[in-house]
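Order of listing sets the numbers, starting from 1, for every ligand and every atom in it. Since this is a predicted model, take the numbers as computed values, not measurements. The basis for the numbers below is simple: all heavy atoms, side chains too, and nothing from hydrogens, waters or symmetry mates.
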Amino acid sequence: MTILVTGGAGYIGSHTCVELLKTSYDIIILDNISNSKKESVDRIKELGGRDLKFYEGDILDRATLDGIFTENKVDAVIHFAALKAVGESTQIPLTYYDNNVSGTINLCKAMAAAGCKKIVFSSSATVYGSENISPLREDMPLGKATNPYGTTKMFIEQILQDIYTADNSWSISLLRYFNTVGAHKSGRIGENPNGEPNNLMPYITQVAVGKRPFLTVHGSNYDTPDGTGVRDYIHVVDLAMGHISALDKVLQSPGLDIYNLGTGKGYSVLDVIAAFEKASGVKINYKIAERRTGDIATCYADPGKAFEQLGWKAVRGIDEMCEDSWRWQSQNPEGY
Ligand code: NAD
Ligand code: UDP
């Protein structure tokens, strides 16, 4: 069977493609390389041990999509392609709505035209908003997103639900990711942010490698055990395996399912710094500062539904997440 992976050259997509190549699925990557490097595609092939098809193109370009569906018999799509920088989304919201929402609509139209109605979508824990109390469950009401990036994820979830309501021969999996960190054990692929990282782990690794002087800890007066924000960090290879479980289900029977992909455990910013220092042997300089706008105190998953229905659970702990993030960053200080 052949799987189209949009955004497959990116951080989570590249790790998922490596795991897909170890199964019997053939893969096609479509990526416009707006937030990734072509080098990652070569490394996916190297780690996966076999070939794949790569199209450099945009999900906003219907002709490109139609060409892919005509040239290949695509059985299902894993849809990672999106812009994901929260801060940037507040500066250029139209670009985010266009790329993420219009891009997904374009993709779904091309899929419907080709008779391919099976999709696994990258959603986010951000759809739970700030009011729901952790552990977060899939049946909780959606919250209000605090930025346009989060709103694109909510809109796309709604659009995919409406598509399924209108035509229940579709098979759709909405995967709500928690905080993805870590890298492939080889140190050959990993997260490669453009410019100053927004997220905690790449910031820590860049401080460790000497690219940044210190980490700013955003807030120390939250209602959490040590006052810093608590999140559910999940290893990217566990997340990749979750996609394969969701894909297997999507291919089996029509339906729409929503799954949290998280570990169910929360770690504070100071916990992550301590775990990273232990894993790397490098001291992380940090300064406590004000809270970051839009942040919440605590966010972690109830991952029970994915285990019950998909048989999937995360198995890699915080020490392994830190070791693997560090191996990637120290072996590739400038990224790809
Ligand atoms: P990433 O930026 O590394 O990967 C996204 C890929 O999509 C990039 O390679 C980029 O070049 C490509 N892309 C973007 N717009 C495109 C377009 N119009 N056409 C073709 N390709 C396009 O990001 P990631 O961290 O791997 O995230 C993958 C998905 O998971 C995204 O949808 C993101 O919103 C979602 N997500 C990520 C996290 C996280 O912690 N990283 C958490 C929740 C959700
Ligand atoms: N954080 C921090 N300094 C940074 C980046 C993040 O203190 O430079 C904190 C942030 O306030 C939150 C946690 O680390 O409590 C995770 O933030 P991240 O941006 O990685 O993910 P989010 O949960 O916001 O999507």
Evaluate the ring planes of His184 and His15, with Trp represented by its six-membered ring, and classify them as parallel (under 30°), tilted (30 to 60°) or perpendicular (over 60°). tilted
Protein contact to atom 17 (C) of ligand 1 [nearest heavy atom, distance to 0.1 Å]: Asn32 ND2, 3.2 Å
Can you find an N/O atom of Leu83 closer than 3.5 Å to an N/O atom of ligand 1? no
Atoms in ligand 2 with a heavy atom of Asp295 nearer than 4.0 Å: 10 (C), 11 (O), 24 (O)
Measure across Ala113 and Arg62 and return the closest heavy-atom pair with its distance rounded to 0.1 Å. CB-NH2, 3.6 Å
Can you report which non-hydrogen protein atom sits closest to atom 2 (O) of ligand 1, along with the distance? Asn35 ND2, 2.7 Å
Using a 4.0 Å heavy-atom cut-off, which part of His218 comes near ligand 2: side chain, backbone, both, or neither? both
Mark yes or no for whether Asp271, through its side chain, and Ser268, through its backbone, hold a donor-acceptor pair below 3.5 Å. yes
Test of proximity, Gly10 against ligand 1: N or O pairs below 3.5 Å: yes
Any N/O pair Leu200/ligand 2 closer than 3.5 Å: yes
Is it the side chain (CB and beyond), the backbone, both or neither of Asn99 that lies under 4.0 Å from ligand 1, heavy atoms counted? side chain
Could you tell me whether Glu46 and Arg43 have a side-chain N and a carboxylate O separated by less than 4.0 Å? no
So does Lys38 pair up with Asp31, basic N to acidic O under 4.0 Å? no
Indicate yes or no: does an N/O atom of Asn179 lie under 3.5 Å from an N/O atom of ligand 1? no
Which of the numbered atoms in ligand 2 are under 4.0 angstrom from any heavy atom belonging to Thr216? 2 (C), 3 (N), 4 (C), 7 (O), 8 (O)
Any side-chain to backbone donor/acceptor pair from His235 onto Ala314? Under 3.5 Å, distance only. no
Show which atoms of ligand 2 fall inside a sub-4.0 Å distance from at least one heavy-atom site of Asn198. 5 (C), 19 (O)
Got the closest protein heavy atom to atom 19 (N) of ligand 1, with its distance? Ile59 N, 3.0 Å
Can you find a pair of side-chain heavy atoms, one from Ile273 and one from Val217, that are under 4.5 Å apart? yes
Just to confirm my output: which protein heavy-atom neighbour is closest to atom 25 (O) of ligand 1, and how far is it? Lys84 NZ, 2.7 Å
Test Tyr286 against Leu270 for side-chain contact (heavy atoms from CB on, under 4.5 Å), laying out the working first. CA-CA 10 Å; Tyr286 67 85; Leu270 298 182; 3.9 Å; yes
Walk me through it: do Phe54 and Ile33 pass the test side-chain contact (heavy atoms from CB on, under 4.5 Å)? CA-CA 11 Å; Phe54 172 60; Ile33 308 294; 3.8 Å; yes
Could you tell me whether His79 approaches ligand 1 through its side chain, its backbone, both or neither, with non-hydrogen atoms closer than 4.0 Å? neither
NZ/NE/NH1/NH2 to OD/OE distance under 4.0 Å, Glu131 and Lys144: no
What I want to know is whether Ser124 and ligand 1 share at least one N or O pair that is separated by under 3.5 angstrom. no
Region of Asn100 that comes within reach of ligand 1 [heavy atoms, distance under 4.0 Å]: neither
Which residue and heavy atom of the protein sit nearest atom 12 (C) of ligand 1, plus the separation: Asp31 OD1, 3.3 Å
Out of Phe80, Tyr233, Tyr177, Tyr11, whose heavy atom sits nearest atom 30 (O) of ligand 1? Tyr177
May I ask you to check if ligand 2 and Arg292 share an N or O to N or O distance below 3.5 Å? yes
Under a plain distance cut-off of 3.5 Å, with no hydrogens placed, do Tyr177 and Ser122 share a side-chain donor-acceptor pair? yes
Ala125 and ligand 1 - part of the residue with a heavy-atom distance under 4.0 Å: neither
